[in-house]
2 protein chains.
Amino acid sequence: MTTTTKHLPADERKAITVVTVIELAGRRNPGEITTAAIAQQMGLTQGALFRHFPSKDAIWLAVMEWVAGQLLARVEQGARHAKTAFAALDAIFTAHLDLITTCPGIPRILFHELQRAEDTPAKGVVRALITEYRKQLITILERGKINGELANEINVSAAAALFLGMIQGLVMQSLISGDPEHLNRMSSEVFTLYQRSIRKTT
Amino acid sequence: MTTTTKHLPADERKAITVVTVIELAGRRNPGEITTAAIAQQMGLTQGALFRHFPSKDAIWLAVMEWVAGQLLARVEQGARHAKTAFAALDAIFTAHLDLITTCPGIPRILFHELQRAEDTPAKGVVRALITEYRKQLITILERGKINGELANEINVSAAAALFLGMIQGLVMQSLISGDPEHLNRMSSEVFTLYQRSIRKTT
DNA sequence: TATGTTAGTAATTAATTACTTACTTAAGGG
DNA sequence: CCCTTAAGTAAGTAATTAATTACTAACATA
């Protein structure tokens, strides 16, 4: 029996808050997620949230840190356990899309935070996330050049940008079609094209 | 002398409203643009806006129609005056980035509208825009296959998705870096990669 | 010039929002 | 077993927002 007590330790409550926000972001505009909506989804009163977070921005910060952690962990694991550069890129691509498929709210949250005009701490976390992601990609791409997998003339910075754009494009397409299955159907075809764009042509 | 009277004909006032919103979206989060802010930027009182638009959503609808018109006009022109498929894609790519550079608010507006949960009329316009854009791209790509410019084995639907993703990726990168110049520096390098992804390898 | 219409103002309204406060309840260690 | 304290409730508050209202100035034209 899961003793569903009302009072939870702070750490646990914080963790639940984060996943609740991500779940809500999968269904509605992140900018329109109110503290009242978060609380209701958790079966809590609105005021209770402010026992654990000093402000709404603090909630967003916690969410971003969780997302960044999840995504970077997958990227790093993909980068580590792969022999070739292509295998590494494929692993990262798959892991990234897998995360997005399980948590459709994540790309929406990231987009929304980047749109904000103010330089919030949460935005800083997103910026750091993308910067680190790019760095990992560039390392892999340069390794691929040395291996002879990739053409020497390609611009690795552009190749990293295209990699991220490829994922974004897939996300946008599924946002438009409203069909999350769209993502899985298209992804392998698009990745094939990406490989063509950087591979060495013998 | 440009008689800067206060009273303007409705059509003119509507047009000014649209460009004002786009200009504001370049500097702040589209979701946080209030009717008061729009009015202030136009040198008008807030209530006056509702003489010309029945609701705020109607303002967004007008903005989307204007954006869609601008973008599709450029796409179609790019498609028309080009001899080869690659030339057409290049023309569209350049025209699209040019529009974004002059009006940085446009991609932000489109992203924001796609994020919204409700199915607003404005969102419908965006959906139609992207659908038509994709259709044009696919036509060009298929023509390219027949020409022998493109490899026969490529998936044109995926190639269209990658084209849009490429632009999105560039926009996102410049959102992150906060540097609009970043876009121009990177764009040609990324487009080179895109060409590699679809061209026939002899 | 008289008259009807369009476009404007200034003030107000109802709803919503993040955040606060005063009080209550449940945990759990000495 | 009690008592401190962390966690939760319920009812606020001040600020902001889209939309409305009653009124006025500018324009068109017969």
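Chain letters run A, B, ... following the sequence lines, proteins first and then strands; every chain starts at 1.
- Distance check: B/Leu89 CG to B/Leu150 CG gives 7.5 Å after rounding to the nearest 0.5 Å.
- D/dA6 atom C1' lies 13 Å from atom NZ of A/Lys14, rounded to whole Å.
- Nearest to the side-chain atoms of A/His7 among the listed nucleotides C/dT25, C/dA18, D/dA18 stands C/dT25.
- Between B/Tyr133 atom OH and B/Leu164 atom CG the span is 6.0 Å, to the nearest 0.5 Å.
- With respect to B/Arg196, the side chain to side chain contact (heavy atoms under 4.5 Å, CB included) criterion is satisfied by exactly one of A/Ile198, A/Ile154, A/Leu193: A/Ile154.
- For B/His52, a side-chain nitrogen or oxygen approaches OP1 or OP2 of C/dG8 to under 4.0 Å.
- Along DNA chain C, the nucleotide closest to B/Ala10 and the one closest to A/Pro54 are compared, and the more 5′ of them pairs with B/Ala10.
- Taking atom CH2 of B/Trp60 as the reference point, atom P of D/dA18 lies 11 Å away to the nearest angstrom.
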Tabulate protein N/O versus nucleotide N/O from nucleotides 9-14 of chain D, keeping only pairs under 3.5 Å, one per line.
{"unit_1": "D/dT9", "atom_1": "OP2", "unit_2": "A/Thr45", "atom_2": "N", "d": "2.9"}
{"unit_1": "D/dT9", "atom_1": "OP2", "unit_2": "A/Thr45", "atom_2": "OG1", "d": "2.6"}

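- Rounded to an integer number of Å, the gap from CZ of B/Phe50 to P of D/dT20 is 8 Å.
- Taking 4.5 Å as the limit, every side-chain heavy atom of A/Glu113 sits out of range of all side-chain heavy atoms of A/Val63.
- In terms of position on DNA chain C, the residue among A/Ile33 and B/Asp11 whose nearest nucleotide sits closer to the 5' end is B/Asp11.
- For the atom pair A/Leu175 CG and B/Arg127 CZ, the distance stands at 9.5 Å (nearest 0.5 Å).
- A salt bridge does not link A/Glu142 with A/Lys145: every distance from a Lys NZ or Arg NE/NH1/NH2 to an Asp or Glu carboxylate oxygen is 4.0 Å or more.
- Nucleotide C/dA18 holds its C1' atom 16 Å from the CD atom of A/Glu32, rounded to whole Å.
- We find that CD of A/Gln40 is positioned 14 Å from P of C/dA18, with the value rounded to whole Å.
- Atom CD1 in B/Ile59 sits roughly 13 Å away from atom C1' in D/dT17 (whole-Å rounding).
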